[in-house]
Amino acid sequence: MDREWAPAGIDTSVAHSARMYDYWIGGKDNFAADRAMGDAFAAAIPSIRTMAQENRAFMHRVVRYLTGSAGIRQFLDIGTGIPTRPNVHEIAQAIAPQTRVAYVDHDPIVLTHARALMVSGTEGQTVYLDADMREPGKILADPELNLTLDLDQPVGLLLIAILMLVADADDPWEKVATLLDALPSGSYVAITHPGQDFDPEAMAAVAAAAGQGGMTLVPRVRDDVVRFFGDWELVEPGVVPVKAWRPDGEPPVDPNAAYYWSGLARKP
């Protein structure tokens with residue numbers, strides 16, 4: 001995509017995680033910086049594209065579980081990314097048509113596509129919010145969010161491959177705690193996060209490549225990912241490699257082949 005085609009507000013010289021993911025899965029909404037960074041990641045971790053797909057597959061499974069088994073009828077998806085079907089509302093509304101979904105991201109190209117493509121069924125509702133994960137208070141206070149979701153009723157909070165973009169200095173655990181504290185009993189939080197402990201050398205290489213490109217990327221070890229769930233009750237099988245979380249069909253031959261930790265927890 002040529003530079004002049006970018007929507008207003010996009011700095012195409014800096015890679016963005018949503019557009020890198022789009023590149024990895026064969027999309028067209030990416031720029032030279034995104035492709036260069038995506039290739040640098042792939043040089044360190046050749047299976048990065050497959051890992052991105054496994055991360056997406058976890059989202060599908062966890063939304064089906066929350067809608068079908070846990071009875072969740074409203075979702076807050078922070079770090080939505082460029083729409084890739086099926087999206088959260090399409091998965092959830094296929095089970096419960098009245099489901100409402102609030103999508104949150106902080107990139108103009110995501111905004112452009114989300115508002116055009118994330119159209120709810122007639123019974124449910126969707127909204128897209130242009131907001132930053134690092135400002136959870138603003139997300140929670142957004143009038144459109146509160147017109148779409150009832151924060152007095154259980155919410156499924158999705159933090160899928162987003163927390164690695166918040167540096168330790170910005171205290172991502174405090175940001176997540178602000179979100180969790182605002183949700184009522186019976187809510188759930190689903191998290192995936194790149195794991196430093198799967199292959200420390202490879203993860204250090206991608207973090208360094210990201211830093212050189214002006215992008216924050218912080219892989220973390222399992223214990224640091226567990227901390228995000230606070231005192232909420234982990235759903236079996238707990239915090240595990242993303243391929244090992246309630247897989248469809250047979251258990252994976254090598255659950256550690258995708259370098260993401262994943263988990264789901266319920267607020268007592």
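We count residues from 1, following the sequence as given. Because the structure is predicted, anything quoted here is derived from the model rather than measured.
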Using every non-hydrogen atom in the two residues, find where R266 and G186 come nearest and quote the distance to one decimal. NH2-CA, 3.6 Å
Those residues that, when tested against H16, pass side chain to side chain donor-acceptor pair (under 3.5 Å) (two or more places apart): none
A44: which residues meet the side-chain contact (heavy atoms from CB on, under 4.5 Å) condition with it, sequence neighbours left out? A205, V206
Tell me, do T99 and V101 make a side-chain contact under 4.5 Å, heavy atoms counted? yes
Heavy-atom distance under 4.5 Å between the side chains of N146 and L140, does that happen here? no
What's the separation between atom CG in L264 and atom OG1 in T192, rounded to the nearest 0.5 Å? 12.0 Å
Going by the salt bridge (charged side-chain N to carboxylate O under 4.0 Å, His left out) test, which pairs reach into residues 64-84, not counting sequence neighbours? R64-D248
Residues forming a ring pair (Phe, Tyr, Trp, His ring centres under 6.0 Å) with F198, sequence neighbours excluded: Y259, W261
Closest heavy-atom pair and its distance - P219, G195: CB-C, 4.5 Å
Hydrophobic cluster membership, I191 vs L234, 4.5 Å side-chain cutoff: yes
Considering all heavy atoms of both residues, which atom of F228 and which atom of H193 are nearest to each other, and what is their separation? CE1-CD2, 3.9 Å
So, using side chain to side chain donor-acceptor pair (under 3.5 Å) as the criterion, who are the partners of E174 when residues are at least two apart? T178
same_hphob_cluster(V218, V242) at 4.5 Å side-chain heavy-atom cutoff: no
I'd like to check K267 versus P184 (side-chain heavy atoms, cut-off strictly below 4.5 Å). Are they in contact? no
How about V166 and T216: do any of their side-chain heavy atoms sit closer than 4.5 Å? no
Contacts satisfying salt bridge (charged side-chain N to carboxylate O under 4.0 Å, His left out) that involve residues 180-201 (not counting sequence neighbours) are none
Quick test of your reading: applying salt bridge (charged side-chain N to carboxylate O under 4.0 Å, His left out), list the pairs with at least one residue in residues 133-155, sequence neighbours left out, ordered by first then second residue. D132-R134, E135-K138
Non-neighbouring partners of P97 that pass side-chain contact (heavy atoms from CB on, under 4.5 Å), sequence neighbours left out: E123
Is there a side-chain contact between P194 and M203 in this structure, where contact means two heavy atoms from C-beta onward sitting under 4.5 Å apart? yes
Tell me every residue that passes ring pair (Phe, Tyr, Trp, His ring centres under 6.0 Å) with F58, counting only those two or more places apart in sequence or in another chain. W245
Taken to the nearest 0.5 Å, the spacing of Q93 CD from R100 CZ works out to 11.0 Å
Just how far is it from atom CE of M133 to atom CG of L165, taken to the nearest 0.5 Å? 10.0 Å
W173 and D224, any side-chain heavy atoms less than 4.5 Å apart: yes
Write out all pairs satisfying salt bridge (charged side-chain N to carboxylate O under 4.0 Å, His left out) with one or both partners inside residues 40-61, taking only residues at least two apart or from two chains. D39-R49
Here's a test for you: under side chain to side chain contact (heavy atoms under 4.5 Å, CB included), which of L66, L157, V63 qualifies with I72? L66
Could you check whether any side-chain heavy atom of Y188 comes within less than 4.5 Å of a side-chain heavy atom of V155, counting everything from C-beta outward? no
Could you pull out all residues at least two apart from D22 that satisfy side chain to side chain donor-acceptor pair (under 3.5 Å)? N30
Would you please name every residue forming a side chain to side chain donor-acceptor pair (under 3.5 Å) with S187, sequence neighbours left out? none
Taking the side chain as C-beta and beyond, is there a heavy-atom pair between F75 and T67 under 4.5 Å? yes
Once rounded to the nearest 0.5 Å, what's the spacing between atom CD1 of I78 and atom NE2 of H106? 13.0 Å
Going from CE on M164 to CG on L217, what distance comes out if it is rounded to the nearest 0.5 angstrom? 6.0 Å
